[in-house]
Amino acid sequence: MKIKALKGFKDVIPGEVELWQYLEKVARDVFGRYQFSEIRLPVLEETALFARSIGEGTDIVEKEMYTFVDKQITMRPEATASLLRAYIEHGLGVQKPVQRLFTIGPMFRHERPQKGRLRQFHQLDAEIIGSASPRVDAELIAMAALLLAELQLSVSLELNSLGCPACRPAYRALLLEFIAARLDGLCDDCRRRSATNPLRVLDCKVPGCRERIVDAPAMAMHLCGDCADHFSGVQQALDLLGITYRLNKFMVRGLDYYCRTTFEFITTDLGAQAAVAAGGRYDGLVGLLGGPEQCPGIGFAMGMERLVLLLQQQPAPALPAAADLAIAAVGEEAVLLAFPLAQELRAAGFRVAMDHEGRSLKAQMKQADKSGAARALIIGATEVAAGYGLLRDLRGEGQQEVALNSAALADALL
RNA sequence: GUGGGCGUAGCUCAAUAGGUUAGAGCACCUGGUUGUGGCCCAGGAGGCUGGGGGUUCAAGUCCCCUCGCUCACCCCA
């Protein structure tokens, strides 16, 4: 029986990994422009960290976590909890009251895999901790938008506010009343949700349910004064930056910790998994995890698999050539001369390919061409005797003689 | 956890109503060119047809089971 990767776990092999590297490069660059610092976090945490932050009743905590039950530790299903744990543990807010942090890495959820959804998946995660300013919300959203734009991806932005502990209970009661009045017209899932997570009824996909809830009370219309001010502040700031968005009063979040601003970048090109990035504000979560009370925060996560799927649907970005030089040496003498030459050129910073299988010149040239090398250096008995190799342009046709020493070759390659 | 679709070469796919030795394209290797890549031509290698059981003179093809992949629901990035 052949051993294969686990269900929902994938290898990223050469040919595909370049796109991931490109994605990470662009992301790091954009994050840097907004003054975010990278933080690297462990993949395992105490189970309690996620139970407390994400919420005991959520699907993630209830049935999707990879947990070592005997050790009370869990492979992270998302990054925010771990990041805040580290923020608190190292007192990062003390030196710098407003911290901008990002992290990149794998997350784990035991779900049934489908397009754009794996059990080990990867996220780009950015958080701003310590500021309640609505401009921070807008700036964070603008950063995500800029990153997606630089990746040439066309997505749309949806925005909503979930209120806060001051105004949500009253709204929730209002919504429950609305749902209870038309419960028998809703699907089975919605009946269940009305008890467990009534907000979820709002984004049910069943057409019949949608019809019945079109005039449901919207959280955004029942915000308390502070939340309403904040929400309009976010919208004004987004307008100021020229970020276009659509208010979606039915957009809710799956994790308990969100409050006020929530947003999603969605696409129509990924089947059912429409969200490529999502996030929101989580004022109070830092306090909940044992950090300073009243510490506000906001962040987003982007699904890298989903971004890669989108990137694969469009023309490939220009990626650097695989090699600067491929050496084709024929005969023992030539090989013994070429081998240390390759080492010297590599030490000098060039990417050099060289075959050690004793293959024919033709085979080596063919390999050189396929490898994407810009040029080939041909060395045979004649060249060894003369002290000159043939430097051939693989993009065009010409070739020239170059002295067989690393200095001369380095010059010729530049 | 629930449903649908699909499993044949590394990849994408063929294989007439069950019928000899399971084919093609791409990729790979060799040669055509004793030392020159791309284009072309010729040849080669590569498969327990996912696995197991059953029906049959005969199964890639029909039946059952199982495993895997995939899409969707749920949920979510």
Side-chain angles (χ1 to χ4, degrees), chain A residues 1-10 13 15 54 57-64 77-80 104-126 144 155 187-190 192-193 196-197 200 203-206 251-255 263-267 270-280 299-310 326 328-331 334 357 359-384 389-399:
Chain A
M1 180 172 96
K2 269 185 285 186
I3 296 180
K4 301 169 62 178
L6 292 169
K7 181 198 287 285
F9 290 73
K10 282 248 186 316
I13 59 179
I54 297 169
T58 59
D59 278 21
I60 292 178
V61 171
E62 228 166 50
K63 51 193 186 193
E64 293 174 0
E78 60 115 29
T80 303
I104 302 175
M107 312 294 157
F108 305 85
R109 292 182 200 171
H110 190 99
E111 300 179 276
R112 192 75 165 262
Q114 72 186 72
K115 190 180 184 69
R117 188 176 82 182
L118 295 174
R119 289 182 172 178
Q120 176 180 334
F121 60 104
H122 299 77
Q123 289 186 335
L124 302 163
D125 193 89
V155 295
C187 69
D188 291 347
D189 282 327
C190 280
R192 178 177 53 75
R193 283 189 279 241
T196 56
N197 191 351
R200 276 268 159 234
D203 70 348
C204 182
K205 289 169 194 150
V206 177
M251 185 178 71
V252 299
R253 308 271 62 215
L255 286 61
F263 57 94
E264 255 176 43
F265 288 89
I266 60 179
T267 173
L270 278 183
Q273 308 303 320
V276 296
F300 69 77
M302 286 192 181
M304 296 179 74
E305 278 76 9
R306 293 178 186 182
L307 293 175
V308 168
L309 282 172
L310 291 175
V330 180
E357 310 313 310
R359 307 209 290 164
S360 69
L361 178 60
K362 176 177 176 169
Q364 291 189 59
M365 288 300 290
K366 201 169 177 176
Q367 186 61 49
D369 185 54
K370 263 192 343 217
S371 75
R375 281 178 271 203
L377 177 65
I378 297 166
I379 310 176
T382 317
E383 286 71 30
V384 173
L390 302 174
L391 186 62
R392 185 172 177 83
D393 179 9
L394 293 177
R395 300 284 158 74
E397 290 194 20
Q399 63 187 30

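Throughout, protein chains are lettered first and strands after them, A, B, ... in sequence-line order, and every chain is numbered starting at 1.
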When you compare B:rU55 with B:rA45, how far apart are their P atoms, in angstrom units rounded to a whole number? 37 Å
Rounding to an integer number of angstrom, what distance separates B:rC28 and B:rC67 when you compare their P atoms? 38 Å
Ignoring hydrogens and angles, does a donor from either the side chain of A:Arg112 or the base of B:rC75 sit under 3.5 Å from an acceptor on the other? no
Any idea which of B:rG35, B:rC71, B:rU36 is nearest the A:Gln399 side chain? B:rU36
Is there a donor on the side chain of A:Arg117 or the base of B:rC74 sitting less than 3.5 Å from an acceptor on the other? yes
By nearest atom, which of the nucleotides B:rU36, B:rA77, B:rU2 is closest to the A:Arg392 side chain? B:rU36
Indicate, with a heavy-atom threshold strictly under 4.0 Å, whether A:Glu62 touches base, sugar-phosphate, or nothing. nothing
Interatomic distance at P, B:rU61 relative to B:rG50, whole Å: 8 Å
So, is A:Lys7 close to the B:rC69 phosphate, meaning a side-chain N or O under 4.0 Å from OP1 or OP2? yes
Rounded to whole Å, the CD-P distance (A:Glu111 to B:rG1) equals 13 Å
Expressed as a whole number of Å, how far does the P atom of B:rG51 sit from that of B:rC69? 16 Å
Which nucleotide sits closest to the side chain of A:Thr382: B:rG35, B:rU36, B:rC73? B:rG35
Min side-chain heavy-atom separation A:His110-A:Lys63 under 4.5 Å: no
So A:Gly396, base contact, sugar-phosphate only, or nothing? Heavy-atom distance under 4.0 Å. base
Any N or O donor-acceptor pair under 3.5 Å from the base of B:rG50 to the side chain of A:Lys4? no
side-chain N/O A:Lys370 vs B:rC28 OP1/OP2, d < 4.0 Å: yes
Starting from the 5' end of RNA chain B, give me the residue, A:Ala5 or A:Glu264, whose nearest nucleotide shows up first. A:Ala5
Below 4.5 Å, heavy atoms only, C-beta onward: do A:His122 and A:Pro106 meet side chain to side chain? yes
Using the C1' atom as the reference point in each nucleotide, state the distance between B:rG18 and B:rU56 in Å, no decimals. 9 Å
Nucleotide B:rC74, atom P - distance to NE2 of A:His110 in whole Å: 19 Å
Out of B:rU30, B:rU70, B:rG35, which nucleotide sits closest to the side chain of A:Arg359? B:rU30
Taking the same atom, P, in B:rU16 and in B:rG60, what whole-Å distance lies between them? 13 Å
When rounded to whole Å, the CG to P distance for the pair A:Leu361 and B:rU33 reads 15 Å
Roughly how many Å is it from NZ in A:Lys115 to C1' in B:rA77, rounded to a whole number? 15 Å
From the candidates B:rA77, B:rG31, B:rU2, the one with an atom nearest any side-chain atom of A:Ser360 is B:rG31
Considering every strand and a 4.0 Å limit on heavy-atom distances, what is the contact class for A:Ala381: base, sugar-phosphate, or nothing? base
Base, sugar-phosphate, or nothing: which does A:Val276 touch, judged by heavy atoms less than 4.0 Å apart? sugar-phosphate
Report which part of the nucleic acid A:Gly116 touches: base, sugar-phosphate, or nothing (heavy-atom distance under 4.0 Å, all strands). base
Using a 4.5 Å cut-off on heavy atoms from C-beta on, say whether the side chain of A:Glu111 contacts that of A:Asp59. no
Here the distance between atom C1' of B:rA77 and atom CG of A:Leu307, to the nearest Å, is 9 Å
Spacing of A:Leu309 atom CG relative to B:rC71 atom P, expressed in whole Å: 9 Å
Side chain of A:Ala363 - closest among B:rC73, B:rU30, B:rU36: B:rU30
Between A:Glu357 (CD) and B:rC29 (P), how many Å, whole number? 11 Å
In whole Å, measure the gap between the P atoms of B:rC13 and B:rG7 for me. 10 Å
Nearest-nucleotide wise, let me know which of A:Lys63 and A:Met302 is further upstream toward the 5' end of RNA chain B. A:Lys63
C1'-based separation of B:rU8 from B:rU2 [nearest Å]: 30 Å
What nucleotide, of B:rA72, B:rU36, B:rA77, holds the atom closest to the side chain of A:Ile378? B:rU36
Ranking B:rG1, B:rA77, B:rG38 by distance to the side chain of A:Ala278, first place goes to B:rA77
Starting from P on B:rC73, measure out to CG on A:Asp59 and report it in whole angstrom. 14 Å
Indicate, with a heavy-atom threshold strictly under 4.0 Å, whether A:Ile13 touches base, sugar-phosphate, or nothing. nothing
Among the nucleotides B:rA72, B:rA77, B:rU70, whichever has the atom closest to the side chain of A:Gln114 is B:rA72
In the structure I gave you, are the side-chain heavy atoms of A:Glu78 and A:Asp125 within less than 4.5 Å of one another anywhere? no
Tell me whether the OP1 or OP2 atom of B:rU33 has a side-chain N or O from A:Lys366 closer than 4.0 Å. no
Could you tell me whether A:Ala275 contacts a base, only the sugar-phosphate backbone, or nothing, with contacts defined as non-hydrogen atoms closer than 4.0 Å? sugar-phosphate
